[in-house]
There are 2 protein chains.
Amino acid sequence: MLVIRDAFNGVTRFEQWQEHLGVARNVLAARLKSLVHHGVLEPRLYSERPPRNEYVLTAKGKDLYGILVTLHAWGEKHVYHDQQSGVVLRHKTCDNILQPRIACGCCNEMVRPREVQVIYTADRPTVGDMMAEDEVA
Amino acid sequence: MLVIRDAFNGVTRFEQWQEHLGVARNVLAARLKSLVHHGVLEPRLYSERPPRNEYVLTAKGKDLYGILVTLHAWGEKHVYHDQQSGVVLRHKTCDNILQPRIACGCCNEMVRPREVQVIYTADRPTVGDMMAEDEVA
DNA sequence: TAGTTGGGTTTTAATTAGAAACTTACTCGG
DNA sequence: CCGAGTAAGTTTCTAATTAAAACCCAACTA
């Protein structure tokens with residue numbers, strides 16, 4: 001998640017993440033590999049010899065933006081209690097601090113939890129099933 | 001997260017989570033304890049003797065709804081590729097499958113990533129700092 | 001040629017998860 | 001009254017996962 005957050009902030013290279021996050025190098029390498037494998041990031045060779053790649057967000061990755069924004073707002077409100085967290089998101093269009101709300105893509109109305117119905121269309125897959133896609137190797 | 005998801009689906013008791021998630025009992029106990037400690041869930045004694053609690057979402061917990069919905073939609077689109085995932089969210093108000101979008105709480109407009117500016121209001125705290133609140137004990 | 005930089009692996013140590021048994025304090029049925 | 005059942009955990013021990021630290025290496029660079 002933090003890797004992806006940085007990616008949205010323009011980070012594309014191993015060393016940049018390493019510096020920003022202070023995470024162990026092997027862990028970062030594993031994260032990147034996994035994110036590439038899951039199609040969230042895409043490696044791009046920016047130097048042939050020595051072979052060096054940068055990592056850019058795919059469409060799948062870019063679609064994580066809503067999650068990040070929502071998560072950030074939650075943290076601001078409930079973890080930092082609207083005090084200095086160090087990072088703030090501004091909505092350029094209206095020039096206010098972004099307070100993200102969930103809207104419906106169909107009717108454009110704001111969505112409240114009460115208006116959402118959970119429908120089970122089949123036997124609910126187990127957590128194991130959900131992770132099964134990993135078992136490629 | 002899965003614990004919280006179930007909480008939104010009406011689960012309040014230890015055994016219910018245990019059955020739904022199939023997670024080890026000690027792990028579940030640890031999760032619940034941690035969620036209570038972080039103020040996401042609130043224990044409520046529903047029986048004095050024997051002492052038994054149920055767990056209900058706090059305001060902080062309820063505010064996680066947006067994250068869950070956004071996450072779910074992402075999974076539907078990119079992990080299940082809009083095929084049978086087993087669970088679907090319906091927007092009662094307009095009777096369509098919910099496709100959550102991020103809207104701005106101030107101007108009510110849909111938000112696109114480009115319209116969001118990241119502002120660093122202070123030295124960015126390290127990941128360590130962010131977690132420091134845990135060090136109460 | 002001796003650093004330095006980018007991008008990793010290998011090794012080792014710590015953390016976490018899991019499975020199963022045990023505990024406590026009841027209730028219920030015979 | 002006795003044993004079984006239930007709900008909510010705790011304990012113990014083992015297995016798997018994760019992370020930190022150190023190491024590696026190919027290519028620039030001074």
Side-chain angles (χ1 to χ4, degrees), chain A residues 1-7 9-38 40-58 61 125-137, chain B residues 1-7 9-38 40-58 61 125-137:
Chain A
M1 274 284 120
L2 297 170
V3 172
I4 297 164
R5 181 197 64 186
D6 280 357
N9 291 338
V11 168
T12 58
R13 313 255 256 246
F14 193 95
E15 287 302 314
Q16 294 175 309
W17 272 298
Q18 222 284 298
E19 194 181 336
H20 278 89
L21 299 174
V23 68
R25 306 175 69 79
N26 61 341
V27 174
L28 177 57
R31 291 275 182 287
L32 291 174
K33 193 179 283 181
S34 167
L35 287 168
V36 167
H37 175 240
H38 285 90
V40 171
L41 292 178
E42 196 170 42
R44 216 148 60 189
L45 221 58
Y46 72 87
S47 153
E48 291 241 351
R49 283 187 346 279
R52 244 99 252 218
N53 29 17
E54 59 185 3
Y55 300 88
V56 295
L57 289 161
T58 61
T126 65
V127 178
D129 292 341
M130 291 184 199
M131 295 295 136
E133 60 149 30
D134 283 333
E135 293 162 19
V136 179
Chain B
M1 275 283 122
L2 297 170
V3 172
I4 297 164
R5 182 197 63 186
D6 279 358
N9 290 338
V11 168
T12 59
R13 312 255 254 245
F14 193 94
E15 288 300 315
Q16 295 176 308
W17 272 298
Q18 222 283 299
E19 194 182 334
H20 278 87
L21 299 176
V23 68
R25 305 177 70 80
N26 58 343
V27 174
L28 176 56
R31 292 274 182 287
L32 290 173
K33 195 177 282 180
S34 168
L35 287 168
V36 167
H37 175 240
H38 285 89
V40 171
L41 293 177
E42 196 170 42
R44 216 148 61 187
L45 222 58
Y46 73 87
S47 154
E48 289 241 350
R49 289 182 343 279
R52 256 107 184 88
N53 336 323
E54 58 185 3
Y55 299 89
V56 296
L57 288 162
T58 61
T126 67
V127 178
D129 293 341
M130 292 185 199
M131 296 295 136
E133 61 151 29
D134 284 332
E135 293 163 20
V136 178

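Chain letters run A, B, ... following the sequence lines, proteins first and then strands; every chain starts at 1. What you see below is based on every heavy atom in this structure, not just the backbone, and it leaves out hydrogens, waters and symmetry mates.
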Next item on the list: Assign each of A/P51 and A/A24 to its nearest nucleotide of DNA chain D by heavy atoms, then name whichever residue's nucleotide is nearer the 5' end.
Entry: A/A24
Margin query: Which residue is it: B/R5, B/E54, B/Q16? I am looking for the one with a side chain to side chain contact (heavy atoms under 4.5 Å, CB included) to B/V11.
Written below: B/Q16
Margin query: Nearest whole Å is fine: how far is D/dG9 C1' from B/E54 CD?
Written below: 16 Å
Margin query: Looking at B/R31, I'd like to know whether one of its side-chain N or O atoms comes within less than 4.0 Å of OP1 or OP2 on C/dA17.
Written below: yes
Margin query: Is any side-chain heavy atom of A/L41 closer than 4.5 Å to one of A/L57?
Written below: yes
Checklist line | Separation of D/dC25 P from A/R25 CZ (nearest whole Å) | finding: 15 Å
Next item on the list: Give B/V23 one of three labels, base, sugar-phosphate or nothing, depending on what nucleic acid heavy atoms sit under 4.0 Å from its own.
Entry: sugar-phosphate
Item checked: Side-chain donor/acceptor of A/Q18 to backbone N/O of A/V23, under 3.5 Å -> yes
Item checked: salt bridge (Lys or Arg N to Asp or Glu O under 4.0 Å) pairs, two or more places apart, involving residues 24-34 of chain B -> B/E15-B/R25
Notebook entry, point to check: Between CG of B/L35 and CD1 of B/I4, what distance do you get to the nearest 0.5 Å?
Noted result: 5.0 Å
Notebook entry, point to check: What is the distance, rounded to the nearest whole Å, between atom CG of A/L28 and atom C1' of D/dA20?
Noted result: 13 Å
Next item on the list: Between A/Y46 and A/N26, name the one whose nearest nucleotide on DNA chain C is closer to the 5' end.
Entry: A/Y46
Checklist line | Any B/R13 side-chain N or O less than 4.0 Å from OP1/OP2 of D/dA8 | finding: yes
Note to self: Tell me if the side-chain of A/R52 makes a donor-acceptor pair with the base of C/dG7, cut-off 3.5 Å, by modelled atom types.
What the structure shows: no
Note to self: Nearest whole Å is fine: how far is C/dG8 C1' from A/K33 NZ?
What the structure shows: 9 Å
Next item on the list: Please report, rounded to the nearest Å, how far the C1' atom of C/dC26 is from the CD atom of B/E15.
Entry: 15 Å
Notebook entry, point to check: For the pair made of CD in A/Q18 and C1' in C/dG8, what is the distance, rounded to whole Å?
Noted result: 11 Å
Notebook entry, point to check: C/dA25 C1' sits how many Å from B/F14 CZ, rounded?
Noted result: 16 Å
Item checked: N or O in side chain of A/Y55 less than 4.0 angstrom from C/dG7 OP1/OP2 -> no
Checklist line | Closest to side chain of A/A29, choosing from D/dA19, C/dG7, C/dG8 | finding: C/dG8
Checklist line | Atom pair distance, as rounded to whole Å: CG in A/L45 and P in C/dG6 | finding: 16 Å
